[in-house]
Amino acid sequence: MSKNTSRNCYSYKDFIALIAEKPKAAEKIALALGSYGKLEKCRYYKVPYYVIRSDGRTILILPSAGHLFGPSTTGRGVPIVKIVWKPLWEFDKAAYYTKTYYMMMSSILPNAGSYINACDFDIEGSVIGYKIIESFGDVKKAKRMKYSTLTKNDIIDAFNKLSPLDLENVNAGYARHELDWLWGINVSRLLMKSFKNETNKSISLSAGRVQSPTLAEAIRRWIEINLYLPKPFLSILILGEYDGKRFLITPKNWSPKTISEAKEIKKFLEKNPVLNVDDYQESKEKVPPPPAFNLGDLQKESSRIYGFSPFKTQSIAEELYLETLISYPRTNSQKLPKTINYKQIINDLSKQSYKNLIDTLLKETQGKLNPVQGREDDPAHPAIYPTGEVPKKIYGDYLKIYDLIVRRFLSAFSKEAILGKSYVTLSDNENRKYKAEGLVVMEEGWLKYYTFSYPKINEIPVLRKNDKVKIIKVDLKTIWPKINVSLSRTSLLRWMERVNIGTEATRARIIELLYKRKYLINKGRNTEITNLGYAVYKAIELVSKELISPELTRNFEEKLDLISKGKYTKDEIVNEAKEFLTKIIKEKLNDKSIGKSLAIALGIEKPEEMCYICKREAKHKVLNYSLCDFHFMALSKIKENIADLVNILEDNDVNILKELSENKSIGLWIRETSKFLINNDIKIQNLKV
DNA sequence: GCAAGGTC
Ligand SMILES: [Zn+2]
């Protein structure tokens with residue numbers, strides 16, 4: 001293949017124009033179909049395209065760069081229902097780079113004799129290719145090419161089995177764009193307009209099918225975390241010794257009911273400092289290698305191991321992909337199909353710093369390379385894997401992500417790890433039961449390659465029934481169980497994946513958007529909801545409960561499915577949304593409370609009553625104090641639980657409130673409310689809440 | 001100015 005633009009690049013007629021979704025795909029398709037004739041690489045300015053000539057025909061393979069067209073606005077009012085599809089570069093600054101692709105299509109396509117939409121086989125790919133052919137070619141002379149992987153065989157098969165253009169998918173794709181646009185633009189504008197009417201000020205506010213449910217989930221988590229009030233339990237920590245080895249022993253499935261009971265047991269154990277072994281068991285646990293990464297797994301692991309945000313990880317992975325160091329990263333697949341040349345890749349990787357690891361892997365597998373396959377799949381791409389190409393220079397965070405991907409890939413070919421577990425049951429002289437657990441790695445298996453999942457080792461001695469374990473030391477501890485809910489970019493990403501909203505390409509981006517809009521904010525290592533975020537959520541809830549729930553996505557999916565099956569037209573579905581939104585937006589424009597609560601949230605207006613504790617808008621009165629929803633809920637929760645706490649900790653109310661106000665395992669609003677009760681000398685039993 | 005979805 002010639003690298004330079006030759007005369008041939010300008011002399012073709014009556015050719016087949018094949019549209020690919022992106023430059024990388026165009027290149028792969030060109031290389032696969034190149035066997036049909038003479039292949040030449042040409043350029044339209046910077047954009048590469050490919051020409052294949054054989055006796056009878058000429059094929060041009062032309063890359064798009066994702067969507068070149070999208071719905072755009074025509075006016076500034078709300079409600080707005082007129083949708084005009086326009087080239088993205090004309091109205092979206094960030095998409096200006098698509099102009100070259102657009103110009104290439106507009107200059108080459110009109111001369112083609114026929115067209116093939118060879119974009120990814122999903123509704124977005126159907127729209128991408130269709131809009132291009134419709135704008136610059138002739139959809140009546142167009143066919144659809146369907147391939148499941150970009151490998152030579154699949155591509156050649158697909159090329160020889162072209163289908164008619166998939167108009168149903170195109171219509172479903174149009175509907176997806178237009179529905180998202182209608183809901184997003186209209187509700188966003190309603191929020192901004194309500195705010196403007198109230199304050200005469202302008203700010204950027206937004207709502208959407210994916211961002212708004214994610215904001216709602218963040219708020220649910222934030223409330224749960226800040227109202228967290230666990231039941232404490234008492235534990236006895238025993239340092240045991242056997243055969244010179246010391247290890248930790250704790251009560252087995254029980255705990256002292258009260259502090260005084262715990263103290264008595266401690267005294268008893270110190271007088272009778274020996275435990276009898278009732279039972280000792282060893283077992284092996286086989287842990288298979290984790291599958292190769294999809295984007296979500298990579299984002300979670302790089303957050304766990306390096307503390308990178310999902311967006312940062314994705315940006316780095318996308319650059320590594322453009323440098324051809326890794327395969328396509330925006331994939332949900334955890335599978336490594338056989339069509340990937342594992343052997344070649346592993347061989348190439350051994351030219352990098354992975355040589356020793358790979359020698360070990362080849363020895364261990366005796367050259368039989370069968371990677372573990374994960375459950376998750378993707379319609380268009382395999383899991384993320386290294387290409388084997390040697391990085392020119394790679395360091396810092398780029399190297400960290402690359403290294404994660406290589407090691408995860410290698411470990412997929414390795415053997416299961418074998419963990420040795422031991423469990424001992426012991427009893428004291430009054431027949432109370434205790435336990436200790438041990439964990440060791442017996443065979444490393446895949447952990448040799450993907451070292452980031454090494455378990456925490458805890459060795460205990462090998463014991464037999466009726467062995468005597470000496471008690472060295474006894475400690476009492478009040479344990480306040482830690483909350484198991486988290487609010488962070490990664491936990492929101494996990495949630496979006498679980499409820500299946502957004503896509504690989506958009507989830508991290510949309511999470512960042514919530515911070516950019518100042519709905520969410522970083523406080524140290526934690527994420528918090530701002531007053532604005534909460535007010536926007538409440539306002540959207542007033543407009544549509546569906547829009548703050550993943551149910552809207554399910555609803556869209558059902559409708560798109562009906563369109564692609566030909567049961568409804570795109571216009572029927574879109575018009576229905578237009579009518580509904582017009583009605584609800586007009587109605588809510590009259591609701592002054594939306595603008596008012598946004599103005600209060602931003603401190604532009606003062607609420608009628610302010611929370612004594614946090615100065616938020618207060619809707620509750622306790623004695624003479626005004627409280628917001630959050631601190632009022634905290635107060636009820638403290639009141640509900642205080643009797644139990646008095647019982648377990650055997651202390652008075654004030655001391656317990658003091659503990660609650662200082663203990664960092666307890667939710668912020670519970671701590672603040674406890675402090676409020678102490679400082680104002682309020683007797684909680686007498687309160688009506 | 002607003003969405004979500006492609007991709008440089
Ligand atoms: Zn408050």
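Lettering follows sequence order; numbering is per chain, from 1. All values derive from a computational prediction rather than experimental measurement.
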Fill in: Partner residues of A:A218 under the side chain to side chain contact (heavy atoms under 4.5 Å, CB included) criterion, sequence neighbours left out
A:L487, A:L492, A:L520, A:I529
Worksheet entry | A:T490-A:S303 side chain donor-acceptor pair, cut-off 3.5 Å | yes
Practice prompt. Check the side chains of A:Q334 and A:D297 for a donor-acceptor pair under 3.5 angstrom, ignoring hydrogens and angles.
Written response: yes
Worksheet item: Hey, what's the ring geometry for A:F136 with A:Y102, parallel, tilted or perpendicular (30° and 60° as the breaks)?
Response: perpendicular
Response to the item:
Expected string for nucleotides 2-7 of chain B under the B/S/- scheme (protein heavy atoms, under 4.0 Å, primed atoms plus P, OP1, OP2 as sugar-phosphate) is BBBBBB
Discussion item. Going by the rule ring pair (Phe, Tyr, Trp, His ring centres under 6.0 Å), which residues pair with A:Y147 if we only count those two or more places apart in sequence or in a different chain?
Written reply: none
